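Source: prediction; values computed, not measured.
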Amino acid sequence: MDLSNLSSNWRKLQTTLKKSRPVQSSPKSGDQNGLKRKREQLKINPVKSSSLPRKKPRTDKVMAPNGTVPKETASIGDLETSDNGVRPRPADHAASDRINAGLCTTVEIGRYVAIDCEMVGVGPYPDRESALARVSIVNYNGDQIYDSYVLPQETVTDWRTFVSGVEPKHMKYARSFQEVQADVANILKGRILIGHHISHDLRALKFSHPQRDIRDTARHSAYKKMQGGTGYPRLKVLASELLGFEIQEGEHSSIEDARACMMLFRRDKAAFEREHAKRWPAKPAPEPRENTEGQEKVRNPKKKKKKKSKK
């Protein structure tokens, strides 16, 4: 027997066995590796992004009256107070907002509309005197119907940007007061109007709306109770406590405020209508006249004056 061949074959067999045999770690080393993995998971395990407050991107642009988006204009995130994690918005509506787009012809208006206006200060006492600078209207579903900047008819002495969100640069693409007034009047005609302190908005627009067709969230008794029964509740407080989201954190958005008014109305619509019916009862229908068959209305002929006969 050739021992040299035997030894070479044995070495090959040993090498093959080593490759096929799994490497087993000692229990001690395995436990250590397990602890390391657990520690790494605790350190690396990320918080879900959905639970983190983050700023929502707003890609909407300021529209020029001709429907175009000027290149030099900023996005809505620059024009309005952006979300900082504490101020959620109804994203399904906010994503479709188009600032200064005028009348949206693709959205059905419906019977109920909510309005909100932004004002700027004018005259020698800008803290007392106001002029219309922006108008927004939404429908019953909260969809934007109308939004426009308005050229004030008086000289602006205080833009109130920290509240109104209106700046001088926006007037470059604003519509005239007469055009906006006509547009809004056409939208409101024959519809139920919802707003907060709506008399202020109508005064700024310089026209009236039938009181029978107005629902004011500031005057609703159930909401006034939140103020202790005295005075009127703030829209910001109502939205926070009843709707569960924050508005008016810094600069106001008239679209957002109008949407909040509509949501407050819808939240307590039945009570709104009951309260309104007491104040403005329905007009009684005229009673139909009884007409019997075979009889016709006979008008009483005027009595002719008898002519005196000449004697």
Side-chain angles (χ1 to χ4, degrees), residues 63 65 67 90 93 96-120 130-153 164-166 174-220 223 232 235 238-239 247 252-273 275-277 279-283:
M63 308 287 289
H93 293 299
S96 62
D97 291 347
R98 296 185 303 158
I99 293 181
N100 203 46
L103 178 64
C104 183
T105 58
T106 60
V107 177
E108 184 178 355
I109 299 178
R111 185 187 178 197
Y112 298 90
V113 294
I115 191 171
D116 188 76
C117 300
E118 298 298 341
M119 320 292 184
V120 291
S130 300
L132 186 67
R134 186 182 176 190
V135 184
S136 300
I137 303 175
V138 300
N139 65 7
Y140 188 77
N141 296 322
D143 301 320
Q144 177 184 328
I145 296 172
Y146 188 84
D147 184 72
S148 179
Y149 287 116
V150 187
L151 284 169
Q153 295 180 304
S164 69
V166 180
R175 295 170 178 81
S176 68
F177 178 86
Q178 291 77 10
E179 180 183 356
V180 173
Q181 186 188 52
D183 290 342
V184 174
N186 288 333
I187 295 172
L188 302 188
K189 187 176 181 180
R191 292 186 167 88
I192 306 298
L193 181 60
I194 292 94
H196 196 78
H197 284 304
I198 203 165
S199 59
H200 297 169
D201 300 318
L202 294 175
R203 191 181 303 118
L205 285 160
K206 297 183 179 180
F207 67 76
S208 60
H209 193 71
Q211 289 293 321
R212 184 180 292 275
D213 296 334
I214 289 177
R215 312 289 187 270
D216 197 329
T217 54
R219 297 178 179 273
H220 185 46
Y223 296 162
Y232 299 104
L235 182 62
L238 293 176
I247 63 172
H252 294 196
S253 164
S254 50
I255 298 178
E256 186 177 62
D257 290 354
R259 191 169 289 138
C261 288
M262 182 60 79
M263 293 174 71
L264 287 168
F265 169 71
R266 291 184 60 175
R267 181 185 180 276
D268 207 18
K269 181 182 176 183
F272 265 96
E273 297 302 339
E275 189 173 297
H276 190 77
R279 189 178 303 171
W280 300 94
K283 295 179 180 179

State which residues pass side chain to side chain contact (heavy atoms under 4.5 Å, CB included) with Arg175; sequence neighbours excluded, sorted by chain then number. Pro65, Asn100, Tyr146, Ser148, Glu179, Val180
Take Met262 and Asn141, measure what side-chain contact (heavy atoms from CB on, under 4.5 Å) needs, and give me the verdict at the end. CA-CA 8 Å; Met262 182 60 79; Asn141 296 322; over 6 Å; no
Asn139 (side chain) donor-acceptor with Glu108 (main chain) under 3.5 angstrom: yes
Under the ring pair (Phe, Tyr, Trp, His ring centres under 6.0 Å) test, residues paired with His200 that sit two or more places apart: His197
Would you say the side chain of Ile115 lies within less than 4.5 Å of the side chain of Ile137, judging by non-hydrogen atoms? yes
If you round to the nearest 0.5 Å, how far is CD of Gln153 from OG of Ser176? 9.0 Å
Would you call Ile192 and Asp213 a side-chain contact if the rule is heavy atoms closer than 4.5 Å? yes
Any side-chain heavy-atom pair from Asp97 and Glu256 closer than 4.5 angstrom? no
Counting only N and O atoms by type, is there a donor-acceptor contact under 3.5 Å from the side chain of Gln144 to the main-chain atoms of Cys104? no
I would like to know whether Leu235 and Leu264 meet side-chain contact (heavy atoms from CB on, under 4.5 Å); could you show each step before the answer? CA-CA 9 Å; Leu235 182 62; Leu264 287 168; 3.6 Å; yes
Nearest heavy-atom neighbours spanning Phe177 and Val150: CA-CG1, 3.8 Å
Go through the structure and list residues passing side-chain hydrogen bond (donor to acceptor under 3.5 Å, both in side chains) with Lys189, not counting sequence neighbours. none
Do the side chains of Leu103 and Ile145 get nearer than 4.5 Å, heavy atoms only? yes
Sorted by chain and residue number, the salt bridge (charged side-chain N to carboxylate O under 4.0 Å, His left out) partners of Asp201 (sequence neighbours excluded) come out as none
Listed partners of Glu273 passing side-chain hydrogen bond (donor to acceptor under 3.5 Å, both in side chains), at least two apart: Arg215
Listed by chain and number, what are the ring pair (Phe, Tyr, Trp, His ring centres under 6.0 Å) partners of His209, not counting sequence neighbours? none
In plain terms, say whether Arg134 and Asp147 are close enough for a salt bridge, that is, a side-chain N and a carboxylate O under 4.0 Å apart. yes
Looking only at heavy atoms, which two atoms of Pro152 and Val120 are closest? And how far apart? CG-CG2, 4.0 Å
Residues in ring pair (Phe, Tyr, Trp, His ring centres under 6.0 Å) with Phe265, at least two apart? Tyr112, Phe272
Sorted by chain and number, sequence neighbours left out, side-chain hydrogen bond (donor to acceptor under 3.5 Å, both in side chains) with Ser164 holds for none
Centre of Tyr140's six-membered ring, under 6.0 Å away, within 45 degrees of the axis: is that where NZ or CZ of Arg266 sits? yes
Could you check Arg212 against His276 for side-chain contact (heavy atoms from CB on, under 4.5 Å), going step by step and ending with a plain yes or no? CA-CA 8 Å; Arg212 184 180 292 275; His276 190 77; 4.3 Å; yes
Interatomic spacing from NE2 in His196 to SG in Cys261 - rounded to 0.5 Å: 6.5 Å
Checking Leu188 against Leu193 for the side-chain contact (heavy atoms from CB on, under 4.5 Å) test, could you report, in this order, the C-alpha distance in whole Å, the side-chain angles of both residues, the deciding distance, and whether it holds? CA-CA 7 Å; Leu188 302 188; Leu193 181 60; 3.6 Å; yes
Residue set satisfying side chain to side chain contact (heavy atoms under 4.5 Å, CB included) with Gln211, at least two apart, ordered chain then number -> Ile214, Trp280
Sidechain-backbone polar pair: Asp216 side chain, Ile198 backbone, donor-acceptor under 3.5 Å: yes
With sequence neighbours left out, what residues match Asp257 under side-chain hydrogen bond (donor to acceptor under 3.5 Å, both in side chains)? Gln248
For Ala204, what residues pass the side chain to side chain contact (heavy atoms under 4.5 Å, CB included) criterion, not counting sequence neighbours? Met119, Leu132
About how many Å separate NE2 of His220 and CZ of Arg267, when rounded to the nearest 0.5 Å? 8.5 Å
Go through the structure and list residues passing side chain to side chain contact (heavy atoms under 4.5 Å, CB included) with Ala182, not counting sequence neighbours. none
